[in-house]
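Hydrogens, waters and symmetry mates play no part in the numbers below; they use all other heavy atoms, side chains included. Counting begins at 1 with the first residue of the sequence. All figures in this text were calculated on a predicted structure; none of them were measured in a lab.
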Amino acid sequence: MNIQPLAPDNYPQLLAFIRQSDDADAQLFLVGALNSRAEGLQVFVHQDAGRLLGAVALLPSLPPFAVPVILIVGEPGALLAHIAEGHASPQMAIGPKAALERLLEHWPVAWLPLIGRRDEVLLKQFDAFPVDSAPALTTRLAGPEDEATLVDYRIQMEKDSGVTLVSSREQATQTVRLLTRTQALHVVEVDGQLGGCTALTSRDEQHEQLGFIFVEARHRLRGVSDKLLGEVCAGIHRRQRRPLTFTCVGGPLRHRLGEIGFRVVGEHLKLYFG
């Protein structure tokens, strides 16, 4: 077995490996990090006799998550023990459920312990879904003038979803600023006032990922999320890709997404360490 860091010039080999995996759709965060060569990204590969068996990626943060993150594909084997010798523990793991269950089997004792998990379903919208016109609702890209409200949205969304690690205001601000700067954050206005938002956080050749969705409680059950998601997803389809997202297995958003054409295509998991 040969364990070594992966040079960026060799990322195409790893991307090809991911595309051939059974859970390729659920690897969009890793694919996005590799394609964008995310700041601070470190990638290690598990090889045997020149054959790629798996890979582990570490990032200091990965929007919309503002904590150190680990992403894996394939079999980690002894890779994690090797990495743990020289790297601090991540606080979150994200990805396909089967891959993250393997991650737990090999989790180094020197790293932070598991403190929570969130089981999710992965959903894809295969065709654009028509949404009724609503004159009181408009969508647009977020701008710097929206920052304070969007930071509140980000924190409230995490609290509402019951995640184990909730962003600090500073972390949420960094996330909102990055997503706004890269034109990945969309908002919906209700009678001229902000009412909700959604972010596109990762993409590959076939998909764009809705990283989070939030609508103010006072505007729910009024078609606001349908308007926002309908227009953002229509834009994804126009770019010849398909919208992909994930949500809690038993959460209300799963039903809402199903109503606008999203279908379950896999299992997703978030693990929290601390």
Reported [atom1]-to-[atom2] distance for the pair [X] and [Y], which is rounded to 0.5 angstrom:
{"X": "Leu253", "Y": "Glu259", "atom1": "CG", "atom2": "CD", "answer": "12.0 Å"}
{"X": "Phe212", "Y": "Thr198", "atom1": "CZ", "atom2": "OG1", "answer": "7.0 Å"}
{"X": "Asp25", "Y": "Arg242", "atom1": "CG", "atom2": "CZ", "answer": "9.5 Å"}
{"X": "Arg102", "Y": "Leu100", "atom1": "CZ", "atom2": "CG", "answer": "9.0 Å"}
{"X": "Asp204", "Y": "Leu244", "atom1": "CG", "atom2": "CG", "answer": "8.0 Å"}
{"X": "Gln42", "Y": "Ile70", "atom1": "CD", "atom2": "CD1", "answer": "11.0 Å"}

Beyond-backbone contact of [X] with [Y], side-chain heavy atoms, under 4.5 angstrom:
{"X": "Thr149", "Y": "Val187", "answer": "no"}
{"X": "Thr138", "Y": "Val188", "answer": "no"}
{"X": "Leu15", "Y": "Asn35", "answer": "yes"}
{"X": "Arg254", "Y": "Val264", "answer": "yes"}
{"X": "Pro12", "Y": "Leu34", "answer": "no"}
{"X": "Glu120", "Y": "Leu269", "answer": "no"}
{"X": "Val176", "Y": "Leu185", "answer": "yes"}
{"X": "His268", "Y": "Lys97", "answer": "no"}

With distance as the sole test, does [X] use its side chain to make a donor-acceptor pair with the main-chain N or O of [Y] at under 3.5 Å?
{"X": "Glu158", "Y": "Ser167", "result": "yes"}
{"X": "Trp111", "Y": "His87", "result": "yes"}
{"X": "Arg203", "Y": "Gly32", "result": "no"}
{"X": "Glu216", "Y": "Tyr153", "result": "no"}
{"X": "Gln125", "Y": "Ile260", "result": "yes"}
{"X": "Ser21", "Y": "Ile18", "result": "yes"}
{"X": "Arg37", "Y": "Pro8", "result": "yes"}
{"X": "Trp107", "Y": "Leu112", "result": "yes"}

Please say yes or no: joined through hydrophobic side-chain contacts below 4.5 Å, possibly via intermediate residues, are [X] and [Y] part of one cluster?
{"X": "Leu194", "Y": "Val215", "result": "no"}
{"X": "Leu52", "Y": "Val73", "result": "yes"}
{"X": "Phe246", "Y": "Val67", "result": "yes"}
{"X": "Phe65", "Y": "Leu200", "result": "no"}

Give me the atom names and distance for the closest heavy-atom approach of [X] to [Y].
{"X": "Arg222", "Y": "Val190", "answer": "NH2-CG1, 4.1 Å"}
{"X": "Ile83", "Y": "Phe44", "answer": "CD1-CD1, 3.7 Å"}
{"X": "Pro60", "Y": "Gly40", "answer": "CD-O, 3.5 Å"}
{"X": "Leu59", "Y": "Leu41", "answer": "CG-CD1, 3.7 Å"}
{"X": "Pro76", "Y": "Val56", "answer": "CB-CG2, 4.5 Å"}
{"X": "Ala99", "Y": "Asp23", "answer": "CB-OD2, 4.4 Å"}

* Could you give me the CA-CA distance, side-chain angles and deciding distance for Leu62 and Leu71, then say whether side chain to side chain contact (heavy atoms under 4.5 Å, CB included) is met? => CA-CA 10 Å; Leu62 177 67; Leu71 308 167; 4.1 Å; yes

Crowded around [X] [atom1]? As in, over 12 foreign heavy atoms under 6.0 Å?
{"X": "Glu101", "atom1": "CD", "answer": "yes"}
{"X": "Gln193", "atom1": "CD", "answer": "no"}
{"X": "Arg239", "atom1": "CZ", "answer": "yes"}

Could you check whether [Y] and [X], counting side-chain N and O atoms only, form a donor-acceptor pair closer than 3.5 Å?
{"X": "Glu231", "Y": "His186", "answer": "no"}
{"X": "Gln156", "Y": "Asp152", "answer": "no"}
{"X": "His106", "Y": "Glu75", "answer": "no"}
{"X": "Lys124", "Y": "His207", "answer": "yes"}

* Asked: Can the positive tip of Arg118 be found less than 6.0 Å from the middle of the six-membered ring of Tyr272, inside 45° of the ring normal?
  -> no

* **Test: Arg241 cationic atom under 6.0 Å from Phe126 six-membered ring centre, within 45° of axis** => no

* To do: Assess whether salt bridge (charged side-chain N to carboxylate O under 4.0 Å, His left out) is satisfied between Arg220 and Asp160, documenting all intermediate values.
  => CA-CA 13 Å; Arg220 292 170 190 167; Asp160 290 349; 3.5 Å; yes

* Got a salt bridge between Arg117 and Asp119, using NZ or NE/NH1/NH2 to carboxylate O under 4.0 Å? ->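 Salt bridge flag = yes for Asp119 with Arg117.
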
* Asked: When you check the gap from the basic side-chain N to the acidic O, do Arg263 and Asp127 get nearer than 4.0 Å?
  ->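 Answer for the salt bridge query: no.
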
* Residues that Ser61 engages under side-chain contact (heavy atoms from CB on, under 4.5 Å), provided they are two or more places apart ->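 Listed in chain order: nothing, the list is empty.
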
* **Any residue meeting side-chain contact (heavy atoms from CB on, under 4.5 Å) with Thr201, in chain and number order, not counting sequence neighbours** => Phe29, Pro64, Leu179, Ala199, Gln209

* Can you list the steps and then say if His255 with Phe262 is a ring pair (Phe, Tyr, Trp, His ring centres under 6.0 Å)? -> CA-CA 9 Å; His255 175 73; Phe262 279 83; over 10 Å; no

* Asked: Does the salt bridge (charged side-chain N to carboxylate O under 4.0 Å, His left out) test come out yes or no for Arg256 and Asp226, once each step is laid out?
  -> CA-CA 8 Å; Arg256 187 70 248 149; Asp226 288 0; 2.9 Å; yes

